[in-house]
*Asks:* 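Starting off with a structure, shown below.
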Amino acid sequence: MKIVLILQILSLFAQADEYIVVTHSKIKNLTKNQLKALYLKKLSFIDNIKIIPLNLEANNKIRKSFNKHILQMTPSHLKRYWMTQHYLGHRPPHSMTSQESIKLFVKKVDGAIGYINAVNLDDTIHVIYRWKD
């Protein structure tokens with residue numbers, strides 16, 4: 001019994017720094033390059049589905065990891081990028097206050113995607129990309 005409990009706890013720690021991009025739509029797995037293009041608003045559709053990318057707030061640990069590993073941009077580089085895009089009429093993805101709010105939005109809006117910690121995955125959404133910090 002103790003061994004099972006220890007293995008469950010270790011499993012949680014192993015997943016603690018694993019993050020996922022989730023959706024409720026019929027979107028299949030995405031590549032890192034597709035995600036980057038979607039979040040930088042260079043791509044808007046996947047399989048004829050309008051994609052609505054969601055961010056967490058700027059100071060969130062998961063967003064920092066996403067920016068580093070997926071977008072491969074520093075905060076200052078991203079800020080300059082969106083300042084330039086603003087003048088072209090483009091806006092950055094919507095920011096949500098929590099992983100729970102991302103899950104709720106993704107469940108209700110077709111084409112919405114967002115990133116959360118893997119430990120928060122449930123059977124109402126599915127994973128389209130994974131990365132570890």
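What you are looking at is a predicted structure, and each value in this text was computed from that prediction instead of being measured. One is the number of the first residue; the rest follow in order along the sequence.
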*Asks:* Roughly how far, to the nearest 0.5 Å, is CD1 of I113 from CD1 of I46?
*Replies:* 8.0 Å
*Asks:* Just by modelled atom types, is the K108 backbone N or O under 3.5 Å from a matching donor or acceptor in the H24 side chain?
*Replies:* no
*Asks:* Counting C-beta onward and ignoring hydrogens, is there a side-chain heavy-atom pair between Q99 and I62 closer than 4.5 Å?
*Replies:* yes
*Asks:* Give the intermediate values and the outcome of side-chain contact (heavy atoms from CB on, under 4.5 Å) for residues N120 and V22.
*Replies:* CA-CA 11 Å; N120 293 321; V22 295; over 6 Å; no
*Asks:* Minimum heavy-atom separation for V21 and F66, please, with both atom names.
*Replies:* CG2-CE1, 4.2 Å
*Asks:* If I compare all heavy atoms of S25 with all of A112, which pair ends up nearest, and what's the gap?
*Replies:* OG-N, 4.3 Å
*Asks:* Write down the atom of P92, the atom of K41, and the distance for their closest heavy-atom approach.
*Replies:* O-NZ, 3.9 Å
*Asks:* Counting only heavy atoms from other residues, nucleotides and ligands, does the tally under 6.0 Å from NZ of K68 exceed 12?
*Replies:* no
*Asks:* Take L40 and L78 through the test side-chain contact (heavy atoms from CB on, under 4.5 Å) and record every step on the way to the result.
*Replies:* CA-CA 9 Å; L40 295 177; L78 264 174; 4.1 Å; yes
*Asks:* At what distance, to the nearest 0.5 angstrom, does NZ of K32 lie from CD1 of I70?
*Replies:* 5.5 Å
*Asks:* To check you understand the geometry: which heavy-atom pair defines the closest contact between P93 and P53, and what is its length?
*Replies:* CB-O, 3.3 Å
*Asks:* Pick one: which of K64, K61, H69 meets side-chain hydrogen bond (donor to acceptor under 3.5 Å, both in side chains) with D133?
*Replies:* H69
*Asks:* Can you measure from CG (L54) to NE2 (H94) and round to the nearest 0.5 angstrom?
*Replies:* 7.5 Å
*Asks:* Distance from K42 atom NZ to N33 atom CG, nearest 0.5 Å?
*Replies:* 10.5 Å
*Asks:* Taking the side chain as everything from C-beta on, heavy atoms only, tell me whether Y81 gets closer than 4.5 Å to H90.
*Replies:* no
*Asks:* Under a 3.5 Å distance rule, please check whether H126 uses its side chain to pair with a backbone N or O of I27 as donor and acceptor.
*Replies:* yes
*Asks:* Would you check if Y19 and D17 make a side-chain contact, meaning some heavy-atom pair closer than 4.5 Å?
*Replies:* yes
*Asks:* If the threshold is 4.0 Å, N to carboxylate O, is there a salt bridge linking D122 and K103?
*Replies:* yes
*Asks:* Looking only at heavy atoms, what is the nearest atom pair of V106 and G114, with distance?
*Replies:* CG2-N, 4.0 Å
*Asks:* Walk me through whether L38 and L30 qualify under side-chain contact (heavy atoms from CB on, under 4.5 Å).
*Replies:* CA-CA 10 Å; L38 288 165; L30 298 178; 3.8 Å; yes
*Asks:* CG/D110 to OG1/T23 distance, rounded to the nearest 0.5 angstrom?
*Replies:* 7.5 Å
*Asks:* Would you call Y39 and N67 a side-chain contact if the rule is heavy atoms closer than 4.5 Å?
*Replies:* no
*Asks:* With a 4.5 Å cut-off on side-chain heavy-atom distances among I, L, V, M, F, W and Y, is there a chain of contacts connecting L104 to I52?
*Replies:* no
*Asks:* Using every non-hydrogen atom in the two residues, find where N117 and E18 come nearest and quote the distance to one decimal.
*Replies:* OD1-O, 3.5 Å
*Asks:* Under a 3.5 Å distance rule, please check whether T84 uses its side chain to pair with a backbone N or O of R80 as donor and acceptor.
*Replies:* yes
*Asks:* List the steps and the verdict of side-chain contact (heavy atoms from CB on, under 4.5 Å) for N60 and N55.
*Replies:* CA-CA 9 Å; N60 185 285; N55 271 324; over 6 Å; no
*Asks:* Atom CD of Q85 and atom CZ of R91: how far apart are they, to the nearest 0.5 Å?
*Replies:* 11.5 Å
*Asks:* Determine whether a donor-acceptor pair (N or O, by modelled atom type, separation under 3.5 Å) exists between the side chain of Y115 and the backbone of R130.
*Replies:* no
